[in-house]
Student: 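Below is a structure I'd like to ask you about.
Lettering of chains follows the sequences in order, A, B, ..., and the numbering in each one begins at 1.
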Number of protein chains: 2
Amino acid sequence: MINITLKQLRYFEALARHGHFGKAADACAISQPALSMQIKEMEEALGASLIERGPRQVRLTHFGEVAVERARDILRAAEELGDLARASRDRLVGRLRIGVIPTIAPYLLPRVIGALSEKHPELEIHVRETVTPKLIQELGEGKLDTAIVALPVSEGSLAETPLFDETFMLVRSASEANAPMPSADRLREMRLLLLEEGHCFRDQALSFCNLPSGPPREVLDASSLSTLVQMVSAGMGVTLIPEMAVPVETRSASVSVCRFEDPEPTRTVGMVWRKSSPLAGQLGEIAEIVRTCS
Amino acid sequence: MINITLKQLRYFEALARHGHFGKAADACAISQPALSMQIKEMEEALGASLIERGPRQVRLTHFGEVAVERARDILRAAEELGDLARASRDRLVGRLRIGVIPTIAPYLLPRVIGALSEKHPELEIHVRETVTPKLIQELGEGKLDTAIVALPVSEGSLAETPLFDETFMLVRSASEANAPMPSADRLREMRLLLLEEGHCFRDQALSFCNLPSGPPREVLDASSLSTLVQMVSAGMGVTLIPEMAVPVETRSASVSVCRFEDPEPTRTVGMVWRKSSPLAGQLGEIAEIVRTCS
DNA sequence: CGCTTTGATAGTTTTTACTTATGATAAACA
DNA sequence: TGTTTATCATAAGTAAAAACTATCAAAGCG
């Protein structure tokens, strides 16, 4: 293994450029003997002479000429590494892998991605949409940088910050539009359509109705809010959806949407990331961007 | 200017490869704390974190992943510089710029170049053919690595080694083939054809005849031995040529060649180079090759 | 809970790199 | 031809960097 140093390459490059030990040493802000010695050590390390020490002149050997080009390449590459580092700390650069739960993704992401890529044009955004436990796991494995989920997550290794609260709305068939608002308790007796097992939103809805979560009940479980609304529209029952989903999901369905009375059911949506993540600082900024567009 | 070291790059690369401080340190044959510290210093120098120090695991940051590739590039380039150095010292590599005087070049070079490129196939040979003073000047300016000229040169800064002695032969018209050999003194009264001013061989011939060198005499001056012989063949006079030139130059000319009586006129041909040349060692070897094929 | 693994920290020693002072040599000059 | 000047090498001492050993702290695991 060759044992030269970048410092030696720098000195050598300066020497090649100035053709003069003293001037090169000045340029490197060191004394002339220091430069002489480093050059000599470099020659020893390489086992070949770089310069021809003629009286009154410093001339590169043939190998020296080849070497100085190589040296410049290497120094340039090192500088570029520095540039890269600077770029990576000044702004978010490269890849941001963000996970989002399915009951938020379709409604929030379009705006978030727009805002993010406007602010950080060089940021390459990868989105993963799946249920909270999977997101948390992938976060832990380093496959994701951050995730947007319902809080709390309560993982010691993860940091979390709230983004916004969202209310759950009741969706029932259009014919019931003017019926009185059922209480949480009355909901239990209605045919409540829910998302399939695994979605946190299912548990949150059940919890609001004081129903135990767990094995599927006698109702049909859907895999998306969109499906749920279509099922309601077909008169199969009622359901809850987050407020944010209302504009998108009820646009083309003959359903009525109404707000619960106080206390309204809500959940807090937030962002989580590994406390140890080096992006920690910048993720706070990203959370802020998400907040402003939600 | 970025202030990292190749050592740090090596350590970092090992860390990235092993994903483990202890193992990486072993691989680098240093202690674990030493590696930890160098990595930390590298991160400080770059102003960006390279690894995410999670408990129980070492994971590269996004920047770290980019950086390790860069690091590998840089390390590879440094190794290549070492390879290059090794190649350049084990054998003659690259360019050998050799100067030869015109009265030797055509007769010696074919064999020398053949032998040289057989022994050092990667050697790129450049030949410069001109008169001694020009060769010496270009040698001093570093435009040539070595030159083959008539000794002595007596330049303090140049090393010289004899290659061989060569005898001068008399060339006269074929009709004089059986005439008695003229003495050096008699030559003065004959029509002696010579090379033009500047060729050392001209001076050597004049010196043999005890004639002053200097301004052209009433004779025609030729620019090559070949021309001289053709002039002799045309009956314009006599001339001297080096023994080595005889086979080539008299093959297709109706002239007679004869050897002088003792003391025969001779000159010593040798090789010269800058004492300070880093090729000095190898030039001795080259001189040896030239000797064996002359 | 203790035990083990793993990386960070502290204190010390060794090595490396730099500085100033001086020497040597050849070119430049008178 | 001696003297000066320019230029790089060498030497000796000092400052800085990098290494080691020992120890600590935190996290995973039985």
Side-chain angles (χ1 to χ4, degrees), chain A residues 3-12 14-45 49-61 64 137 140-142 155-158 274-276 278, chain B residues 3-12 14-45 49-61 64 137 139-142 154-159 274-278:
Chain A
N3 226 6
I4 54 176
T5 67
L6 284 181
K7 210 181 287 193
Q8 287 169 350
L9 291 181
R10 262 190 273 274
Y11 293 174
F12 171 53
L15 179 57
R17 191 148 35 83
H18 290 99
H20 188 288
F21 279 73
K23 294 198 182 90
D26 275 354
C28 298
I30 55 165
S31 66
Q32 168 264 314
L35 189 129
S36 281
M37 282 158 73
Q38 289 303 312
I39 297 294
K40 202 206 287 181
E41 288 201 5
M42 183 172 161
E43 288 181 313
E44 258 167 46
S49 63
L50 292 162
I51 58 170
E52 198 177 306
R53 290 163 171 75
R56 215 75 179 173
Q57 59 188 331
V58 171
R59 181 183 302 133
L60 291 183
T61 63
Q137 184 196 335
E141 289 169 351
E155 270 281 327
S157 64
L158 298 183
R274 289 186 303 282
K275 281 176 180 164
S276 63
Chain B
N3 225 6
I4 53 176
T5 67
L6 283 180
K7 211 182 287 191
Q8 288 168 350
L9 291 181
R10 262 190 273 274
Y11 293 174
F12 171 54
L15 179 57
R17 192 147 35 83
H18 290 99
H20 188 288
F21 278 72
K23 295 199 182 89
D26 274 356
C28 299
I30 56 165
S31 67
Q32 169 263 312
L35 187 129
S36 281
M37 287 164 88
Q38 288 303 310
I39 297 294
K40 203 205 289 182
E41 288 201 5
M42 183 173 161
E43 287 181 314
E44 259 166 47
S49 63
L50 291 163
I51 59 168
E52 200 177 304
R53 290 163 170 76
R56 215 76 181 172
Q57 58 188 332
V58 171
R59 180 183 302 131
L60 292 183
T61 64
Q137 183 195 336
L139 209 47
E141 290 168 351
S154 305
E155 270 281 327
S157 63
L158 299 183
R274 288 186 304 281
K275 281 176 181 165
S276 64
S277 170

Student: Grab the CZ-P distance between B/Arg10 and D/dA18 for me, whole Å please.
Tutor: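 For the pair B/Arg10 CZ and D/dA18 P, the rounded distance is 13 Å.
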Student: Between A/Arg274 and B/Glu52, is any pair of side-chain heavy atoms under 4.5 Å apart?
Tutor: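 They are in side-chain contact.
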Student: For A/Leu9 and C/dA17, what is the distance between atoms CG and P respectively, to the nearest whole Å?
Tutor: 13 Å
Student: Starting from P on C/dT16, measure out to CE on A/Met42 and report it in whole angstrom.
Tutor: 18 Å
Student: Quick check: do B/Leu6 and A/Leu6 have side-chain heavy atoms less than 4.5 Å from each other?
Tutor: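 In contact.
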Student: Please identify each residue that fulfils side chain to side chain contact (heavy atoms under 4.5 Å, CB included) with B/Ala34, with sequence neighbours left out.
Tutor: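 Expected list: B/Ile30, B/Ser31.
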Student: Quick test of your reading: applying salt bridge (Lys or Arg N to Asp or Glu O under 4.0 Å), list the pairs with at least one residue in residues 22-41 of chain A, sequence neighbours left out, ordered by first then second residue.
Tutor: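 Sorted result for residues 22-41 of chain A: empty, none.
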Student: Do you know which two heavy atoms are closest between A/Phe12 and A/Gly64, and how far apart they sit?
Tutor: CZ-O, 3.6 Å
Student: Rounding to 10°, can you tell me the angle the first-five-pair axis of the helix from C/dC1-D/dG30 to C/dA30-D/dT1 makes with its last-five-pair axis?
Tutor: 20°
Student: Expressed as a whole number of angstroms, how long is the span from A/Lys7:NZ to C/dT15:C1'?
Tutor: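 Checked: the NZ to C1' distance equals 13 Å.
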Student: Going by number, which of residues 17-26 of chain A have a non-hydrogen atom under 4.0 Å from DNA chain D?
Tutor: A/His20, A/Phe21, A/Gly22
Student: Contact list please: residues 30-41 of chain B against DNA chain D, heavy atoms, distance less than 4.0 Å, in numerical order.
Tutor: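 Close to the strand are B/Ile30, B/Ser31, B/Pro33, B/Ala34, B/Gln38, B/Glu41.
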Student: In whole angstroms, how far is the P atom of D/dA9 from the CG atom of A/Leu50?
Tutor: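 Distance, rounded to whole Å: 12 Å.
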Student: Show, in sequence, the C-alpha distance, side-chain angles and deciding distance for A/Thr5 and A/Arg10, and conclude whether the side-chain contact (heavy atoms from CB on, under 4.5 Å) test is met.
Tutor: CA-CA 9 Å; A/Thr5 67; A/Arg10 262 190 273 274; over 6 Å; no
Student: Taking atom C1' of D/dC8 as reference, at what distance in whole Å does atom CZ of A/Phe12 sit?
Tutor: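 Atom CZ in A/Phe12 sits about 17 Å away from atom C1' in D/dC8.
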Student: I'd like to check the side chain to side chain donor-acceptor pair (under 3.5 Å) partners of A/Glu155; sequence neighbours left out, ordered by chain and number.
Tutor: none
Student: Show the nearest heavy-atom pair for residues A/Cys28 and A/Leu35, with the distance to one decimal.
Tutor: SG-CD1, 4.3 Å
Student: Between B/Ala24 and B/His18, which heavy-atom pair has the shortest distance, and what is it?
Tutor: CA-ND1, 3.7 Å
Student: In whole angstrom, give the distance that lies between atom NZ of B/Lys275 and atom P of C/dT25.
Tutor: 13 Å
Student: How long is the gap from CD on B/Glu44 to CG on B/Asn3, to the nearest 0.5 Å?
Tutor: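 Reported value, rounded in 0.5 Å steps: 12.0 Å.
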Student: Please identify each residue that fulfils side chain to side chain contact (heavy atoms under 4.5 Å, CB included) with B/Glu43, with sequence neighbours left out.
Tutor: B/Ile39, B/Ser49, B/Leu50, B/Ile51, B/Arg53
Student: Roughly how many Å is it from CG in A/Asn3 to C1' in C/dT16, rounded to a whole number?
Tutor: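 Those two atoms, CG and C1', are 12 Å apart.
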